[in-house]
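Just so you know, ligand 1 is whichever comes first in the structure, and atom 1 is the first atom listed for that ligand. This structure is a prediction, so every number in the text was calculated from the model and none was measured.
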Amino acid sequence: MQPSPTPFDIETWFAERTFAAGQFDPDELATIKAGEDVSVSVVLPARNESATIGGVIDAVMSLAGNLVDEVVVLDGGSSDDTQRVAADHGARVHTDIGVFPDLGRGLGKGDALWRSLAVTSGDIVAFIDTDIRNPDPRFVSGLLGPLLTEPDVELVKAFYDRPVELDGVMHASGGGRVTELLARPLLNLFWPELAGLVQPLSGEYAGRRTLLESIPFLTGYGVEIGMLIDTLRLRGAGAIAQVDVQQRIHRNQPLEALSRMAFGVAQAALRRLPEADRAQLGDLPTAYRQFVRDDDGTVGMSEAQAIAIVERPPMGSRR
Ligand SMILES: O=c1ccn([C@@H]2O[C@H](COP(=O)(O)OP(=O)(O)O)[C@@H](O)[C@H]2O)c(=O)[nH]1
Ligand SMILES: O=C(O)[C@@H](COP(=O)(O)O)O[C@H]1O[C@H](CO)[C@@H](O)[C@H](O)[C@H]1O
């Protein structure tokens, strides 16, 4: 009789799959990397990040030639001089529409990350947001640590304390609003094996290409929660790890922007509901309305905004 699989225990998962960036020495990782003949690409998604992308690239470049083999900025249609700043700091720059012109302009962050797989070659691909104000090499070395030392780990998410700037005032905590108010409750409700992730929506993560090219990428802001659920389904919770990189300060979008983001994250999660529940949902609406108070004090309804989450197929199926 087959032994019954050990029941999933979140405390065990947390103990075995939670790391700290400080436990990984970049030089020691570089030695392991060379010995395993593993290559590493760092992908920096960017849309109008000229103010911060240079610092992010510099932090990543400090590991180039050692831990990092290529640094690619995937620009999602910036109207500022993001692309020039990125090139000046030594990154290779691609535009989303330039990667797959036949698919037209990119459909947000998730589409940019999916397209980046076609213009990078690393066995490991690390994604780092470019709106970070306190970039540090540990964001990259911390992500690579578990992937270079734990063969069963295939996806690593960063976590950190998240200060938030509201009305020009920096608060020591309170960031990750969509994470705390939508993503983590949904994961606890429908995917409890992912409940141990401190920052499931963090924009800093790294995965083995063999995994990343085996799963679909949801476009827009659905990419992170979609990737977690798809990795859980395809590889199990043991393939997912997280690393503490202490603190991340990034540009905090206004609440109405996060409301639109949450609409996308919710669509992504609901699309991934187990089939039985999914069948009841039918086609999800993709038009989103918000409310504004006019100067004369009356509340108005905004035009419906199309925020559709599209599913890009596993990149491996295009090769
Ligand atoms: O259509 C988009 C939207 C965002 N981003 C990038 O994705 C990262 C996270 O996006 P954002 O800052 O908008 O999200 P937040 O961090 O506020 O959740 C940043 O590097 C953005 O430049 C992108 O490449 N394309
Ligand atoms: O975590 C969150 O709630 C949002 C918003 O963060 P803040 O409330 O502005 O600190 O930020 C994340 O979510 C996006 C959607 O998954 C990711 O793309 C971002 O990289 C991540 O910063």
Side-chain angles (χ1 to χ4, degrees), residues 42-57 60 72-80 82-83 85-86 91 93-97 99 105-116 126-135 139 157-167 170-187 194 197-205 217-229 245 247-269 307-310:
V42 176
V43 170
L44 306 174
R47 188 177 62 177
N48 297 329
E49 303 295 4
S50 58
T52 47
I53 195 166
V56 174
I57 293 171
V60 176
V72 170
V73 166
L74 211 299
D75 186 83
S78 295
S79 53
D80 67 2
T82 291
Q83 295 184 32
V85 173
V93 181
H94 288 271
T95 62
D96 52 9
I97 191 165
V99 175
R105 68 175 185 83
L107 300 179
K109 182 187 181 183
D111 202 356
L113 300 187
W114 178 74
R115 296 184 193 213
S116 77
F127 302 106
I128 306 286
D129 280 357
T130 53
D131 65 331
I132 298 173
R133 295 178 181 174
N134 64 324
F139 280 67
K157 296 283 291 189
F159 70 91
Y160 25 62
D161 296 340
R162 300 188 68 168
V164 64
E165 183 178 4
L166 300 172
D167 301 326
M170 185 63 77
H171 302 266
S173 63
R177 290 160 286 174
V178 177
T179 295
E180 298 305 323
L181 295 175
L182 177 72
R184 293 192 57 244
L186 278 176
L187 293 176
L194 298 175
L197 283 156
V198 180
Q199 291 294 342
L201 299 187
S202 71
E204 293 68 43
Y205 44 103
F217 274 49
L218 296 180
T219 60
Y221 289 116
V223 60
E224 280 88 14
I225 200 166
M227 183 182 295
L228 280 176
I229 296 168
V245 296
Q247 182 189 67
R248 184 189 78 162
I249 302 172
H250 73 132
R251 180 205 42 245
N252 302 116
Q253 298 189 64
L255 195 59
E256 64 269 19
L258 294 192
S259 181
R260 293 190 293 272
M261 174 189 290
F263 185 56
V265 172
Q267 285 183 60
I307 302 178
I309 298 292
V310 170

TODO: Give a yes or no on whether a salt bridge exists between Lys157 and Glu224, defined as a side-chain N under 4.0 angstrom from a carboxylate O.
DONE: no
- [ ] Enumerate the atoms of ligand 2 whose separation from the nearest heavy atom of Gly203 is less than 4.0 angstrom.
- [x] 20 (O)
- [ ] Considering the heavy atoms of Met261, write down every atom of ligand 2 situated less than 4.0 Å from one of them.
- [x] 4 (C), 13 (O), 14 (C), 15 (C)
TODO: Go through ligand 2 atom by atom and flag the ones less than 4.0 Å from a non-hydrogen atom of Leu201.
DONE: 1 (O), 12 (C), 13 (O), 16 (O), 17 (C), 19 (C), 20 (O), 21 (C)
Task: Proximal atoms of ligand 2 relative to Asp129 (non-hydrogen, under 4.0 Å) - done: 19 (C), 20 (O), 22 (O)
Task: Salt-bridge present (Glu180, Arg184; N to O < 4.0 Å) - done: yes
- [ ] Heavy-atom contacts with Gly176 under 4.0 Å: which atoms of ligand 2 show up? List them by number with element.
- [x] 1 (O), 2 (C), 3 (O), 6 (O), 7 (P), 8 (O), 10 (O)
Task: ligand 2 contact by Gln199, heavy-atom criterion under 4.0 angstrom - done: no
- [ ] Run through Arg47, His250, Gln253 and flag the one making a side chain to side chain donor-acceptor pair (under 3.5 Å) with Asp131.
- [x] His250
- [ ] Could you list which atoms of ligand 2 come closer than 4.0 Å to a heavy atom of Tyr221?
- [x] 15 (C), 16 (O), 18 (O)
TODO: Would you mind listing which atoms of ligand 2 come within a distance below 4.0 Å of any non-hydrogen atom of Arg248?
DONE: 21 (C), 22 (O)
Task: ligand 2-proximal atoms of Ile225, by part, heavy-atom distance under 4.0 Å - done: neither
TODO: Ignoring hydrogens and angles, tell me if any N or O in the side chain of Thr95 forms a donor-acceptor pair with the backbone of Asp75 under 3.5 Å.
DONE: no
- [ ] Please check if any side-chain donor atom of Gln199 sits under 3.5 Å from a side-chain acceptor atom of Arg248, or the reverse.
- [x] no
Open item on the list: Regarding Glu165 and Arg133, does a basic nitrogen lie under 4.0 Å from an acidic carboxylate oxygen?
Closed with: yes
Open item on the list: Check the orientation of Tyr205 and Phe127. Use parallel for under 30°, tilted for 30 to 60°, and perpendicular for over 60°.
Closed with: tilted
TODO: State, to 0.1 Å, how close Ala262 and Leu182 come at their nearest heavy-atom pair, and which atoms those are.
DONE: O-CD2, 3.3 Å
- [ ] Measure the distances from the heavy atoms of Val164 to every atom of ligand 2 and state whether one is below 4.0 angstrom.
- [x] no
TODO: Mark the output for His250 as yes if a heavy-atom distance to ligand 2 is under 4.0 Å, and as no if none is.
DONE: yes
Please produce the table of protein N or O atoms sitting under 3.5 Å from N or O atoms belonging to ligand 1, one pair a line, distance to 0.1 Å.
residue	atom	partner	partner atom	Å
ligand 1	1 (O)	Arg47	NH1	3.3
ligand 1	12 (O)	Asp131	OD2	3.0
ligand 1	12 (O)	Arg251	NH2	2.6
ligand 1	13 (O)	Tyr221	OH	2.6
ligand 1	13 (O)	Gln253	NE2	2.9
ligand 1	14 (O)	Gln253	NE2	3.3
ligand 1	16 (O)	Asp131	OD2	3.4
ligand 1	16 (O)	His250	ND1	3.0
ligand 1	17 (O)	Gln253	NE2	2.9
ligand 1	20 (O)	Pro45	O	2.9
ligand 1	20 (O)	Thr130	N	2.9
ligand 1	20 (O)	Thr130	OG1	3.0
ligand 1	22 (O)	Arg47	N	2.9
ligand 1	22 (O)	Glu49	OE2	2.6
ligand 1	24 (O)	Ala46	N	3.2

Open item on the list: Quick test: of every protein heavy atom, which one is nearest to atom 16 (O) of ligand 2, and how far off is it to 0.1 Å?
Closed with: Glu224 OE1, 2.8 Å
TODO: Kindly give the heavy-atom pair with the smallest separation between Val245 and Ala158, and that separation in Å.
DONE: CG2-CB, 4.1 Å
Task: Over all atoms of both residues, closest heavy-atom pair of Gly110 and Phe217 - done: O-CD2, 3.8 Å
Task: For ligand 2, the portion of Glu165 having any non-hydrogen atom under 4.0 Å away - done: neither
Open item on the list: I'd like to check whether Arg177 has a polar contact with ligand 2, where a contact means an N/O of the residue lying under 3.5 Å from an N/O of the ligand.
Closed with: yes
Open item on the list: Checking a contact table here: which protein heavy atom is nearest atom 2 (C) of ligand 2, and how many Å away?
Closed with: Thr179 OG1, 3.4 Å
Task: Nearest-0.5 Å distance, CG of residue Asn252 to CG of residue Asp167 - done: 11.0 Å
Task: Backbone or side-chain N or O of Pro163 under 3.5 Å from ligand 2 N or O - done: no
- [ ] Ignoring hydrogens and angles, state whether a donor on the side chain of Ser173 or Asp161 is under 3.5 Å from an acceptor on the partner side chain.
- [x] no
Open item on the list: Apply salt bridge (charged side-chain N to carboxylate O under 4.0 Å, His left out) to residues Glu49 and Arg251 and explain how you reach the verdict.
Closed with: CA-CA 10 Å; Glu49 303 295 4; Arg251 180 205 42 245; 2.8 Å; yes
Task: Residue Leu258 vicinity, atoms of ligand 2 by number, heavy atom under 4.0 Å - done: 5 (C), 8 (O)
Task: Identity and separation of the nearest protein heavy atom to atom 6 (O) of ligand 2 - done: Arg162 NH2, 3.0 Å
Open item on the list: Looking at every non-hydrogen atom in both residues, tell me the closest pair between Lys109 and Asp129 and how far apart they are.
Closed with: NZ-OD1, 2.9 Å
Task: N or O contact, Lys109 vs ligand 2, cut-off under 3.5 Å - done: yes
Open item on the list: How close do Thr82 and Ile53 get, counting heavy atoms only, and between which atoms?
Closed with: CG2-CD1, 3.9 Å
Open item on the list: Using a 3.5 Å cut-off on N or O atoms only, is Asn252 in polar contact with ligand 2?
Closed with: yes
TODO: Provide the closest heavy-atom pair for Asp80 versus Ser50 in the form atom of the first, atom of the second, distance.
DONE: OD2-OG, 2.9 Å
